[in-house]
Amino acid sequence: MPVPEKPALEGLEDSLAARWERDGTYRFDRTKSRQQIYSIDTPPPTVSGSLHVGHVFSYTHTDFIARFQRMRGKEVFYPMGWDDNGLPTERRVQNFFGVRCDPSLPYVPNLTPPDKPDKPISVSRPNFIELCTKLTIEDEKAFEQLWRYLGLSVDWSMTYATIGRDAQLVSQKMFLRLLAKKLAYQVEAPTLWDVDFKTAVAQAELEDREQPGAYHKIHFYREPGAGNREPIAIETTRPELIPACVALVAHPDDERYKHLFDTHVITPLFGVRVPVRAHALADPEKGSGIAMICTFGDTTDVTWWRELKLPVRAIVQANGALGPVTWGQPGWESADPARAQAAYDQLAGLSSKKAQAKIVELLRESGDLQGEPKPITHNVKFYEKGDRPLEIVTSRQWFIKTIDYRDEFIKRGQEISWHPPYMQARFDNWVNGLNGDWCISRQRFFGVPFPVWYPILANGTIDYANVIVPPEERLPLDPSTDVPDGYSADQRGKPGGFVGDPDIMDTWATSSISPQLVSGWERDPDLFKRTFPLDLRPQAHDIIRTWLFSSVVRAHFENESVPWTNAAISGWVLDPDRKKMSKSKGNVVTPLALLKEHGSDGVRYWAARGGPGVDTAFDPGQMKIGRKLAMKVLNVSKFVLAGDQPEGKVTEALDRGMLQNLAVVVDEATAELENYEYAKALAKIESFFWDFCDNYVEAAKSRRYGDFGPEAAASASTAMRLALSVLLRLLAPYLAFATEEVWSWTNSGSIHRARWPARDELISVSGTDASAARAVQHVTEALNAIRKGKTDQKVSVGTPVKEVVYRAAEDAIACLKLVERDLKAASRSETLILRAGEPGVEVTLKPPSAEATGGKPAEG
RNA sequence: GGGCGGUUAGCUCAGUUGGUAGAGCACCGGCUUUACACGCCGGCUGUCAGGGGUUCGAGUCCCUUACCGCCCACCA
């Protein structure tokens, strides 16, 4: 392809993306050995949302590394996944199709949801999943287009979906392996619970939100005959949980309450006899210093309940409302059951919030509320996607063991190279701060089901202790539709029959197996051998505690290995208020519009300036600069490559010095990129590139035009072409489009499969004499001084002048003698005098000629 | 309360093992210069967050304070 007359960036994204696809430029060659392969565990973006500028930022970082490794000669394994699993998709499907999932229904083949049903229709879980797939497939196409336009060098023949068949297979198989090793277990226990989604949630999915609340001072009483009848004042923010109170607790050293320890007190309204206990977690400074333990108000209650071995009196149901209670029954003993019942009946069926208002009335009437509630704001735990505070509900859930293995996880963390290194501390902090095993079951529908069933005993109760496990060959399966071996379908739900586990796996339980999923674990042993453990996990820092941690757990238990050897943690994109861009309102920029406006190379350049782990400001100004850089690449390339330039030996000092300096840049940039410091590498490359354009090319230009004969010209053009070739390759990971465009003018293959530059290809041409390298630096200084001399006299730097006298240190002058011809030509002076001495420059203009004076009127 | 990161020119950020403060943008001025006006040249701009210490010498090392961001713990 010839050098174009007017090179342009417009349209390169579409035309080159199409060419890369046609030529299979990024196609993974799976015949290469593990040594030759560089494998990436790409994060699958959530397709139910939309891609934002933060995604563009971090995915581009991965692409820099992928392109660098590919040019270094590695065969890059770079798949892309779609996270179409989980609650966001489920909610969208419900609204879009007007359906609800009912796992008890059988699968209906070829189900089409009606247009606009009046009320949601119920469908089976497999049908629901089909609809999810149908909806997300469109999103995935749009995402792929954006990634192609941005220039991600992904092998698009290797995509996966987190709800896909393989993802289910791997998730279920790895779960059964954990079960067999007793690393997964189920237990009925208090669990953090979202009352709207009606599902358990994990520690990692919590967030705190500031909420208004109030301290209520309420009265408990000592048992008759156990001392004075003065009420004991307890401060609580959740008076509605008084009926669930199982004890009071104070600090063991608290003198105010020591006399009450191991005595009993009576709860207000309900007359329940509860013990007073001592526990170090009770804070004497807080409230009245003595607290109510309820089953369960918060996680501290759970701790106390467990450690003090207290009974359960649970009142909050799965839907968040207070459930029915018959007072006087075992577990609900009361000194006055009729009174307790009368009070409780006014609370039953109400949500926590409404029950609280009601019980305040009741307490006021009975005189057990001291003063008025004192409003406060406090942090309350929420499910990160939820709308109401979490409750703690006792339910049967699946767990993966983690707390007993914390030390092993920390050791795995040490086997991973973290980029930047300090991110490892976040991992260590999280692991050391774990306070319970990992709850992986969710009471939702759109996700990977637990592939197990339970027998139903003759009396109709479910025998959870004897889990029915399928052979691995049957996976993936859905226990709500599939039937366990040895049973028939009509035995489902019947005494003597079976029932499927109704739950699905937590989103992190399924996404944590992405290393095994992409590498073909247990499905493609050949691929697995060549890619696992992977070389790189790129991801953002906010999900170290979730995705990164859970992936380490799974690989540790299944593969006895780390899942990958490098973790590259990218920062966030911040808006001008220093808030995370994707979270604050009204600042989300459509990525495609951004790419169209500034060009993909412009946006890639901006992304490249945010180093690993560094939160970076959204800055269109940087994108403009990137676009200018890309444009400059096109233009200087046009100059260097256009026309028939003579080839020959590189003999001139200026040329050899420039190539030597470039060799240093190659070494430095390579070292930075090997260390995942793509931003630092770019800064060095870019700085050299501009110096090359503004100083070297300017100084060598006259000679290359042939002003000093063909051999001198050949030296210049040969050196320039070599330098350009190296610079293009150094810039290729960043400016994927502009560099490919230029490369195509003189090469047939893709620059992205070209060899990464090495110092040898430069040094073998330039030699290594230090004076030549220094001469280039001195030429730049001299040129700058001479240009300043001209600018001071208000003439263009291209103006021919009569005489230039340049003075500098003796060794600088000695170097400049080597390149005197070039300097004289670039300064456009009839006479150039180089002199050792105090640094300085004198530029003598030509006397104004008759035509010049006549043609240009003097300033007024 | 614990941990991690940050605070350098109006803005965005570099500053490797301590050795006279840098780049780009913005701003101002000059320049049709045969690759490029998406260009070229020049100029202006700093108590390196505050305080203390080590040192001949600190943006850089140590201590400390403040502020910003994130993570965790606590939230009766």
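Note on naming: letters A, B, ... go to the chains in the order of the sequence lines (proteins, then strands), and numbering restarts at 1 for each one.
Considering only heavy atoms from C-beta on, A/Val841 comes within 4.5 Å of A/Val804 through its side chain.
Heavy-atom distances to RNA chain B give each of A/Leu281 and A/Gly798 a nearest nucleotide, and the one nearer the 5′ end belongs to A/Gly798. Where A/Ile376 and A/Thr799 meet RNA chain B, the nucleotide closest to each residue was compared, and A/Thr799 sits on the side nearer the 5' end.
For B/rC75 and B/rG69, the C1' atoms lie 22 Å apart once the distance is rounded to whole Å. Comparing the same atom, C1', in B/rU34 and in B/rG46 gives a spacing of 42 Å after rounding to whole Å. For the C1' atoms, the distance linking B/rG42 with B/rC62 amounts to 43 Å, nearest Å. With C1' as the reference atom, B/rC48 and B/rG1 are 32 Å apart, rounded to whole Å. Taking atom P in both B/rU65 and B/rG57, the straight-line distance is 26 Å, to the nearest Å. For B/rU54 and B/rU60, the P atoms lie 15 Å apart once the distance is rounded to whole Å. Only the C1' atoms considered, B/rU47 is 13 Å distant from B/rA9, to the nearest whole Å. Taking atom C1' in both B/rC71 and B/rC38, the straight-line distance is 43 Å, to the nearest Å.
At whole-Å resolution of the value, CG in A/Asn429 and C1' in B/rG2 are 8 Å apart. Rounded to whole Å, the distance from CG on A/Asn379 to C1' on B/rC71 is 14 Å. Rounded to whole angstrom, the span from the CZ atom of A/Phe382 across to the C1' atom of B/rC75 amounts to 13 Å. In this structure, CD of A/Glu677 is placed 12 Å from C1' of B/rA14, rounded to the nearest angstrom. For A/Lys6 and B/rC36, the NZ to C1' distance is 8 Å, given to the nearest whole Å. What separates CG of A/Asp283 from P of B/rC74 is a distance of 12 Å, to the nearest Å. Put simply, NZ on A/Lys794 is 12 Å from P on B/rU32, counting in whole angstrom units. Per the geometry, CG belonging to A/Asp298 stands 13 Å off P belonging to B/rA73, to the nearest Å.
Within the 3.5 Å criterion, the main-chain N or O of A/Val795 finds no donor-acceptor partner in the side chain of A/Thr799.
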Would you tabulate the nitrogen or oxygen pairs shorter than 3.5 Å linking the protein to nucleotides 15-19 of chain B?
from	atom 1	to	atom 2	distance (Å)
B/rG15	OP1	A/Lys680	NZ	3.2

Using atom names, set out every protein N or O paired with an N or O of nucleotides 5-8 of chain B below 3.5 Å, distance rounded to 0.1 Å.
none

Any N/O pairs under 3.5 Å between the protein and nucleotides 39-44 of chain B? List them or say none.
from	atom 1	to	atom 2	distance (Å)
B/rG39	O3'	A/Lys632	NZ	3.0
B/rC40	OP1	A/Lys632	NZ	2.9
B/rC40	OP1	A/Asp694	OD1	3.4
B/rC41	O2'	A/Thr791	OG1	3.1
B/rG42	OP1	A/Asn784	OD1	3.3

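A search for side chain to side chain contact (heavy atoms under 4.5 Å, CB included) contacts involving A/Pro612 returns A/Pro420, A/Glu677, A/Tyr678, not counting sequence neighbours. Residues passing the side chain to side chain contact (heavy atoms under 4.5 Å, CB included) test with A/Lys794: none are found, sequence neighbours excluded. Partners of A/Glu781 by salt bridge (Lys or Arg N to Asp or Glu O under 4.0 Å), not counting sequence neighbours: none found. Annotation: side chain to side chain contact (heavy atoms under 4.5 Å, CB included) contacts of A/Ala723 (sequence neighbours excluded): A/Met658, A/Leu659, A/Leu662, A/Phe692. Under the salt bridge (Lys or Arg N to Asp or Glu O under 4.0 Å) criterion, A/Glu741 pairs with no residue at all, not counting sequence neighbours. Applying the salt bridge (Lys or Arg N to Asp or Glu O under 4.0 Å) criterion to A/Glu597, with sequence neighbours excluded, gives no partner residue. A/Lys217 meets the salt bridge (Lys or Arg N to Asp or Glu O under 4.0 Å) test with no other residue; sequence neighbours excluded.
Using a 3.5 Å distance cut-off with no hydrogens or angles, the side chains of A/Tyr734 and A/Glu686 do not pair a donor with an acceptor.
Within 4.0 Å (heavy atoms only), A/Ala679 reaches no atom of the nucleic acid at all. Here A/Ile234 lies out of heavy-atom contact (under 4.0 Å) with every strand. Using a 4.0 Å heavy-atom criterion, one finds that A/Glu686 contacts no nucleic acid atom at all. Among the heavy atoms of the strands lying under 4.0 Å from A/Lys701 is at least one base atom, whether or not backbone atoms are also near. At a threshold of 4.0 angstrom between heavy atoms, the contacts of A/Asn432 with the nucleic acid are absent. At a threshold of 4.0 angstrom between heavy atoms, the contacts of A/Arg828 include nucleobase atoms, whether or not backbone atoms are also involved.
Atoms CZ and SG, on A/Phe270 and A/Cys245 in that order, are 11.0 Å from each other to the nearest 0.5 Å. Rounded to the nearest 0.5 angstrom, A/Gln356 CD and A/Ile242 CD1 are separated by 10.0 Å.
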Compile the donor-acceptor pairs under 3.5 Å between side chains in residues 624-642 of chain A and protein atoms, sequence neighbours left out, one pair per line.
from	atom 1	to	atom 2	distance (Å)
A/Arg627	NH2	A/Glu10	OE2	2.6
A/Asn635	ND2	A/Met631	O	3.3
A/Ser637	OG	A/Val633	O	2.5
A/Lys638	NZ	A/Glu5	O	3.0

Contacts under 3.5 angstrom, residues 275-284 of chain A side chains, donor-acceptor by atom type, not counting sequence neighbours:
from	atom 1	to	atom 2	distance (Å)
A/Arg277	NH1	A/Leu308	O	3.4
A/His279	ND1	A/Leu281	N	3.0
A/His279	ND1	A/Trp304	NE1	3.1
A/His279	NE2	A/Glu307	OE1	2.9
A/Asp283	OD1	A/Glu285	N	2.9

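In this structure, of B/rU12, B/rC72, B/rC38, it is B/rC38 that holds the atom nearest to the side chain of A/Glu10. Nearest nucleotide to the side chain of A/Gln622, out of B/rG24, B/rC75, B/rU33: B/rG24. In the set B/rU33, B/rC75, B/rC25, B/rC25 carries the atom at the smallest distance from any side-chain atom of A/Ile625.
Checking the phosphate oxygens (OP1, OP2) of B/rC75, a side-chain nitrogen or oxygen of A/Thr300 falls inside 4.0 Å.
Interface remark: the A/Arg704 side chain does not form any donor-acceptor pair with the B/rU34 base, using a distance-only criterion of under 3.5 Å.
Partner assigned to B/rU32 is none, using Watson-Crick or G-U wobble distances below 3.5 angstrom. Across all strands shown, B/rC70 forms a Watson-Crick or G-U wobble pair, both distances under 3.5 Å, with B/rG3.
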